[in-house]
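Keep in mind that this is a model prediction, so the values were computed, not measured. Each chain gets a letter, A, B and so on, in the order its sequence line appears, and its residues count up from 1.
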Amino acid sequence: VTGGGAGAATSLTLIGTGGLLIACGVYQLMAQSLTRLVLGFIMTGNGLNVLILAAGGLGPADVLTQAMILTAIVITLGMAAFLLALAYRNWQLNGDDLVQDDVEDHRIARAAHREGVRGELRTQRAAYRADRRAALEASRARKRELREALREARRELRARARLRRAIAARAEDYEYLEEETESDTDFERPPERRGGAE
Amino acid sequence: VTALVPLPVLLPLFAVGVKFLLGPRRAPVQILISLSVLIADTVISTVLMVEADRHGPIVVQVGSFPAPLGISLVVDRFSGLMLGISSAVTLCVLIYAQSQRSADANEDEAGAPLAVFYPTYLVLAAGIADCFLAGDLFNLYVGFEVMLTASYVLMTIGGTDARIRHGAVYIMVGAASSLLFVAAVAVAYAACGTVNLADLAVQLGKVAPAARMAVQVLLITVFSVKAAVFPLSAWLPDSYPTAPAPVTAVFAGLLTKVGIYSLIRTETLLFPEDRQTALLYTVAALSMIIGILGAVAQADLKRLLSFTLVSHVGFLVLGLAIGSVRALSGALFYTITHITVQTSLFLVTGLIERREGTADFGRLAGLARIAPLLGLLFFIPAMNLAGIPPLSGFIAKLALLQAAAADGGVGAYLLLGALLVTSLLTLYAMTKVWARAFWRAPGEGLGKERERQVAVPGGTGFAVIRSQVGEARGIGGRRISTSESYPAGMLGATVALILLSLAYTVWAGSIAEYTQRAAVELLDPNAYIQAVHAVRGGAR
């Protein structure tokens, strides 16, 4: 029975080549463009074929691995052709060949976006409200201050008025006294010189 | 009998060749060929199922090639059962598709998509049959590829914008998992020097545990992608709903089940001793819960059904994870039930689309009054899916529940809880559809018009809202023509599948006995291995 299998020696070069091809291919498979995906698919497929070849081991050619590789190559080729046609059709319809995000992702992203916007609005509204409250508070304080000042001024004015009234009353008293005293002593002077004495 | 074994694969492929020779012109002959091939397929599969049950696994070495080159095809009770069900379902869906096509006035008789549809459909049937028959890991890969490539074509048929966009996701996921499958084959061959499943089963017991683990994890990943088990299921609800109704129906019913079949086959045959039980427990529970939560959130019937599909695949993985005879037997029973029920639900959705032009149940209303027949046709499989007694879904779920309770472990009880929650939520999802689409007064939905006039708030004018969401398209990618009457073939195929699911209830006893025997056979891989070795002459 032919075939490599368990424990058979194999070529390190083959394994290294296969691994490298697969690494490059998988990197390409991460892309969103269908054309790149096709390239990645072909590279990975060929890398895996090389690995199957390595699995057959060294020594006389292993018929089974070759049969398997041939089948895999044909399948990869067919798939690549189909994918290219798909990319072309996508380009025809949409002007790009990007693989779209799936619908649930879209919905989740939209919901997250909406939630984000809503949260932003909420914080903005809260900030606005805080501002309003602070402004109101400040204006109220200012009003209180002004009212206080007004009351103070009024009190002072009232006090001053009282004082003035007191002074005036006193002055009237003096005037009366003066008049009385003047009227006692006035009669000697001529009347036109009386104002000038004040 | 052995001569019959390759026929489920060969007949459809042969028919495809004949079809291409005939060209697209002679439609009646073409239809006759497709129908007769699939009827023959169904008969042969049933014979094989009965024979495999009576005399044990039937093994054929294709072309009588000697050991390493020849390909073994094996029919045991499990694959016989799957073959029988799958061919019956493909036959029904073909009749449905045929009827839908002729009912769609704007489908072009000689149009390219239709000349492609029937051959591709037959290739799909051949691929599915090959997966069930394969006794060899590489042949299983080829079967998968045949099936998947056909499904890629069917998924993007007509080349409309939505189908191309969603199809690209489906195809890339499929292609990536196929690459992993090749890697699994390479690792298995490097470790064991063989890809024949029976030989692998013997050899894998002898190699280092790490190698065994690598093969197992790779295979589980690959089959989980195909079966849409939870962390790898995102592609399914995204891509299935855009395909034409009959295509979605056959995909939903069969393609994921092929993944499940391969998962059960390889896990029981190749790794009987060290199954990744913890992993399977986890993904089964996650699939069930997350899938059904996704379904509850949907507003489109097709998307909702796709999500329930993901969740109910979890039931089948559950059976495998517990792994007792009773659990596997329940899982097999549930597999055939679910194939039939899920397919018929999608076919009914197709009928709803035929009637209303959409499957978006925000727009549908009052179907129970307008179309009581549709109500009945939807109600039976929907209740079956939710697991209402006495329907077969209930019987299968009961078997799984009993198996989980008998297992008695913490994990099994957690799965039991997840199963109950999922069933309840499935019922909720189905009730939601029922309440919206069927029980509202007619006219309460948004209606089926594509253009709606909406008064501009604060103004005097009207705005025209043009909506394309949930608009149903036919096989060729054009909008389907709606009508009040149901084409006989579409209705007949749907009714036939629903009757089949009711038959599971009536003959539940004998089916349960059969799945019991199949489960016993699965858990004792020696019978399989010896049957293969008896034909191809011993392990290396």
Side-chain angles (χ1 to χ4, degrees), chain A residues 1-8 10 15 18 22 25-26 29 34 37-38 40-41 44-45 47-57 62-65 67-69 71-72 74-76 78-80 82-83 85-87 89-94 97-107, chain B residues 66-69 137-139 141-142 144-146 148-149 152-153 156 159-169 171-172 174-176 178-195 203 206-208 211 234-235 237-239 241-242 294 297-298 300 303 307 540:
Chain A
V1 178
T2 56
T10 182
I15 293 181
I22 291 173
V26 169
L29 279 177
L34 263 176
L37 287 172
V38 176
F41 178 72
T44 315
L48 284 169
N49 289 341
V50 174
L51 282 194
I52 295 182
L53 194 63
D62 187 342
V63 194
L64 195 54
T65 55
M68 291 199 285
I69 291 170
T71 317
V74 172
I75 290 172
T76 314
M79 277 301 302
F82 188 80
L83 280 171
L86 194 76
R89 178 71 180 155
N90 208 347
W91 177 79
Q92 235 181 2
L93 287 170
N94 299 304
D97 65 341
L98 300 182
V99 176
Q100 69 155 19
D101 297 336
D102 67 50
V103 178
E104 294 311 305
D105 276 357
H106 262 308
R107 289 173 66 178
Chain B
L69 291 181
L137 203 56
F138 195 77
N139 192 21
Y141 164 70
V142 173
F144 261 111
E145 281 307 309
V146 171
L148 284 176
T149 313
Y152 299 154
V153 176
T156 54
T160 63
D161 188 17
R163 283 187 194 161
I164 293 286
R165 290 216 160 231
H166 294 278
V169 175
I171 292 167
M172 277 325 298
S178 300
L179 288 176
L180 274 181
F181 203 164
V182 182
V185 171
V187 172
Y189 189 70
C192 305
T194 176
V195 285
Q203 293 289 333
K206 298 177 189 165
V207 301
W235 56 271
D238 199 38
S239 50
T242 51
Q298 298 307 316
D300 184 279
R303 289 183 63 80
F307 271 102
R540 297 169 349 102

query: Can you say whether B/Val146 sits under 4.5 Å from chain A via the side chain, the backbone, both, or neither, judging by heavy atoms?
result: neither
- prompt: Closest approach of B/Phe138 and A/Met68, non-hydrogen atoms and distance?
  reply: CZ-O, 3.3 Å
task: Mind running side chain to side chain contact (heavy atoms under 4.5 Å, CB included) on A/Phe82 and B/Thr156 for me, showing each step along the way?
output: CA-CA 11 Å; A/Phe82 188 80; B/Thr156 54; 3.7 Å; yes
field: Minimum heavy-atom distance B/Ala168-A/Leu34, with the two atoms named
entry: CB-CD1, 4.3 Å
- request: Go through the atoms of B/Phe181 and report whether side chain, backbone, both or neither lie under 4.5 Å from a heavy atom of chain A.
  value: neither
message: Let me confirm one number: the CD1-CE distance from B/Ile171 to A/Met79, rounded to the nearest 0.5 Å.
response: 6.5 Å
- prompt: B/Tyr141 versus chain A, heavy atoms under 4.5 Å apart: side chain, backbone, both or neither?
  reply: side chain
- prompt: Side chain, backbone, both or neither: which part of B/Val195 has a heavy atom under 4.5 Å from chain A?
  reply: side chain
field: Residue pair A/Phe41 / B/Ala175: nearest heavy atoms and the distance that separates them
entry: CE1-CB, 3.4 Å
message: Heavy-atom cut-off 4.5 Å, strictly under: side chain, backbone, both or neither for A/Leu83 against chain B?
response: side chain
Per-residue contact mode, A/Ile75 against chain B (heavy atom under 4.5 angstrom): side chain
message: Testing the basics here: between B/Leu179 and A/Leu48, what is the closest heavy-atom pair and its distance to 0.1 Å?
response: O-CD1, 3.0 Å
message: Quick check: closest heavy atoms across B/Ala190 and A/Ala55, and the distance to 0.1 Å?
response: CB-CB, 3.6 Å
- prompt: Just how far is it from atom CZ of B/Arg165 to atom CG of A/Leu93, taken to the nearest 0.5 Å?
  reply: 8.5 Å
